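First the proteins, then the strands, lettered A, B, ... as listed; each starts at 1. Worth saying up front: this structure is predicted, and the values here are computed from it rather than measured.
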There are 2 protein chains.
Amino acid sequence: MTQARALRSASFFTFKVADFLRSVTIKDIALAAGVSIKTVSRVLNREPYVRDTIRERVWQLVEQFEYQPHPAARSLGGRRTYSIGLILEVPETYSYVKRLIDGVFDVCETRRYSLLLRPGHEALKAAEVKKYVRQTRVDGVILPAPIGDSEEVTRTLTEMEVPFAQLSPRNIRADWMSARPNDEAACRELLHEIYALGHRRVGFIKGLRGHGSTVRRLQGYWDSVNELGFDIDPNLVVDGAFDFESGHAGAMALLNLQEPPTVIVASNDDMAHGAIVAARERNLSVPNDLSVVGFDDSPVAKQTFPSLTTMRQPIYEMAQALTNMLLDKLHGLDIQEKVREYSCELIRRDSLKALA
Amino acid sequence: MTQARALRSASFFTFKVADFLRSVTIKDIALAAGVSIKTVSRVLNREPYVRDTIRERVWQLVEQFEYQPHPAARSLGGRRTYSIGLILEVPETYSYVKRLIDGVFDVCETRRYSLLLRPGHEALKAAEVKKYVRQTRVDGVILPAPIGDSEEVTRTLTEMEVPFAQLSPRNIRADWMSARPNDEAACRELLHEIYALGHRRVGFIKGLRGHGSTVRRLQGYWDSVNELGFDIDPNLVVDGAFDFESGHAGAMALLNLQEPPTVIVASNDDMAHGAIVAARERNLSVPNDLSVVGFDDSPVAKQTFPSLTTMRQPIYEMAQALTNMLLDKLHGLDIQEKVREYSCELIRRDSLKALA
DNA sequence: ACGATTTATGACAACGTTGTCAACCCGTGT
DNA sequence: ACACGGGTTGACAACGTTGTCATAAATCGT
């Protein structure tokens with residue numbers, strides 16, 4: 001009883017300056033509420049035998065302090081982990097995600113870390129990320145594009161002092177860990193190949209607005225146009241969103257030009273697929289009347305007719321490197337080369353052909 | 001020093017019967033090795049200041065006992081979780097996986113559980129699953145097909161007393177938790193529609209051998225053939241593997257028949273896509289000369305030309321239900337309806353048309 | 001031979017919860 | 001007044017590691 005009595009008289013909780021950085025624990029709530037930690041535990045776990053007035057007071061303090069029970073302590077005390085496993089076999093078809101997950105997981109397994117999955121969506125709020133990190137207490141986070149491009153998210157993680165590593169970020173910062181393909185150079189390489197095959201009028205379908213690879217691939221396009229002497233025409237560059245539909249629409253726009261291109265470079269394979277379908281609808285034969293190339297070497301590249309010539313990204317290797325960097329950082333090691341760039345590889349298939 | 005001395009004299013470790021079910025802890029290793037737990041900890045974490053002879057002895061015992069440090073205890077003691085987060089935005093394109101992950105995660109988040117991802121591959125060994133579960137100590141596991149069909153895996157989990165729930169298992173067991181689409185009925189519904197449109201000769205491309213949905217969809221096909229009076233011809237049923245290539249090959253085989261079918265039912269959308277491409281290569285117009293239908297309503301269904309008529313599975317709902325069942329079970333609740341079946345929905349697009 | 005390092009080791013506290021159990025409170029029936 | 005009993009509460013142990021620190025043992029320099 002001593003604890004509770006002492007606490008009750010203490011009441012009117014005050015923050016101790018020394019506790020500034022320590023995270024809130026069940027003791028803090030108990031102290032503030034003037035009850036024992038066990039009672040707080042009962043409230044949190046919705047167990048019976050707590051007066052309603054106390055229940056309410058505790059919940060209120062929990063919200064006020066944004067208290068999150070420590071999962072490891074719950075596990076240890078409660079003899080269960082409050083976690084479940086998802087053994088997921090991603091079919092080969094879904095390989096961008098597969099290669100990414102595999103790369104991250106393989107390193108985690110080797111280095112005896114667990115991998116906590118958090119699905120993202122278009123506009124994942126920083127508040128959700130914060131809640132996720134506070135709840136799970138992960139030591140670090142991997143941020144594939146485009147989530148890593150949210151200034152709000154990276155700021156939140158920085159404030160929480162949770163290290164993160166980005167895959168294909170838009171803005172490269174020398175002091176942040178990241179890995180990305182050599183989009184610009186890869187695009188130039190692709191355009192050299194196209195030039196060598198005699199094409200001079202090249203259409204370009206951009207990726208999702210704001211995505212790092214979008215910007216860099218476009219830059220590679222313009223560089224090549226200037227360097228090699230392709231036709232310079234702003235109408236040859238159209239918007240896209242990395243999906244089939246936008247590729248289809250973009251290709252239609254390009255084919256409707258007074259002087260249409262002889263080859264279309266799409267910023268990824270899904271859009272290239274859309275372009276191929278668009279060409280077919282216009283009764284153009286690919287690659288005889290129009291060549292089409294993509295980026296990624298995603299599974300769809302082998303399924304189009306004709307099959308797609310494309311630049312492959314080494315996703316698996318990037319994911320591994322990123323995870324290793326993050327774990328090194330967590331172990332206090334000094335990371336040399338925080339920013340890493342990986343070469344793409346040109347995969348030659350049937351959709352690109354010399355100009356007749 | 002007392003601890004170590006007592007232990008040293010104990011030596012020649014013996015198992016206590018009472019400890020039979022308790023998992024091995026660092027204390028057991030220390031006792032067996034005749035050293036303190038701190039020394040074992042040093043060895044495990046590759047810290048300096050341990051004699052090589054002791055190091056070796058400890059590692060040997062660790063292997064012998066298959067000792068795995070408790071992650072929660074490590075977290076709590078070490079002030080870090082040894083886990084990292086992967087905030088993954090699965091593009092809409094990859095939606096089977098996306099819907100599955102989202103369903104599982106959403107329930108986990110609501111019920112304050114963490115989700116530990118373990119990528120699977122074609123033949124995930126039971127030994128790997130065992131290691132994964134022992135390492136992470138997850139309370140339960142979700143097993144999407146086809147991993148849940150491995151007798152070796154389910155037996156291992158049963159032996160470890162780790163509850164699991166299966167998505168689309170091949171063999172339905174009344175005492176195991178599972179969710180699956182109503183493949184058989186869905187297939188019959190599809191064939192009724194086909195019948196109503198005047199078709200009498202229906203080709204069928206099977207799914208991956210051994211997969212539960214493969215078996216049940218095929219069963220639905222034969223049921224309908226008998227019930228409605230379609231042409232009965234074993235040659236109209238060909239093998240497939242749920243991927244584009246096998247769909248393409250299967251369709252080619254069907255179209256090469258003396259009397260080819262007027263409609264092809266593929267056991268999923270990727271194969272239906274392959275069938276459409278095959279038809280085009282044979283200069284057949286879909287759906288005028290040949291109708292094609294699929295299963296899943298995967299993203300590719302909107303990207304084929306013509307777009308695919310297909311049966312949509314409620315993956316998200318099934319994943320949610322499965323996770324809820326599993327968590328209920330973990331909380332000792334009685335699960336009514338362990339085996340659940342979900343209705344599919346016919347999505348009418350352009351690839352199925354009345355027989356001319 | 002002897003103090004000064006360096007190596008090696010263990011005792012013990014700490015981490016933040018939950019589980020167990022004793023005990024208090026308060027209304028009820030006698 | 002008093003035993004009884006269920007609702008309510010808190011003290012304390014337990015969970016299995018790692019961190020801290022004291023100290024013993026081995027090695028080194030003189």
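Between B/Ile26 and A/Thr39, the one whose closest nucleotide on DNA chain D sits nearer the 5' end is A/Thr39. Taking for each of B/Pro48 and A/Gln68 the nucleotide of DNA chain C with the nearest heavy atom, the 5'-most of the two is the partner of B/Pro48.
Going from atom CG of B/Leu76 over to atom C1' of D/dG16 covers 9 Å, rounded to whole Å. For B/Arg134 and D/dG16, the CZ to P distance is 14 Å, given to the nearest whole Å. For B/His70 and C/dG16, the NE2 to P distance is 17 Å, given to the nearest whole Å. What separates OH of B/Tyr49 from C1' of D/dT20 is a distance of 15 Å, to the nearest Å. With rounding to whole Å, A/Arg51 atom CZ is found 12 Å from C/dC24 atom C1'. The NZ atom of B/Lys27 sits 9 Å away from the P atom of D/dT17 (whole-angstrom rounding). Separating the CZ atom of A/Arg74 from the P atom of D/dG16 is a distance of 18 Å, rounded to the nearest angstrom. If you take CG of B/Leu31 and P of D/dT17, they are 14 Å apart, rounded to a whole angstrom.
Each of B/Asp106, B/Asp328, B/Thr323 was compared with B/Arg111 under the side-chain contact (heavy atoms from CB on, under 4.5 Å) criterion, and only B/Asp328 meets it.
Side-chain N or O atoms of A/Arg99 include none that pairs as donor or acceptor with a backbone N or O of A/Val97 at under 3.5 Å.
A donor-acceptor contact under 3.5 angstrom links the side-chain atoms of B/Lys38 to the base of D/dG19. Donor-acceptor pairing under 3.5 Å, judged by distance alone, is present between the side chain of B/Arg42 and the base of C/dG10.
The side chain of B/Ile37 has D/dT17 as its nearest neighbour among C/dG10, C/dT18, D/dT17.
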Item checked: Worked check of side-chain contact (heavy atoms from CB on, under 4.5 Å) between B/Ile142 and B/Phe164 -> CA-CA 6 Å; B/Ile142 302 274; B/Phe164 57 86; over 6 Å; no

Next item on the list: Please report the C-alpha distance between B/Tyr132 and B/Glu128 in whole Å, then the side-chain angles of each, then the deciding distance to 0.1 Å, and finally whether the side-chain hydrogen bond (donor to acceptor under 3.5 Å, both in side chains) criterion is met.
Entry: CA-CA 6 Å; B/Tyr132 167 70; B/Glu128 294 176 86; over 6 Å; no

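The side chain of A/Ser41 places no N or O atom within less than 4.0 Å of a non-bridging phosphate oxygen (OP1 or OP2) of C/dT17.
In this structure, A/Glu66 CD and A/Ser23 OG are separated by 12.0 Å, a value rounded to the nearest 0.5 Å.
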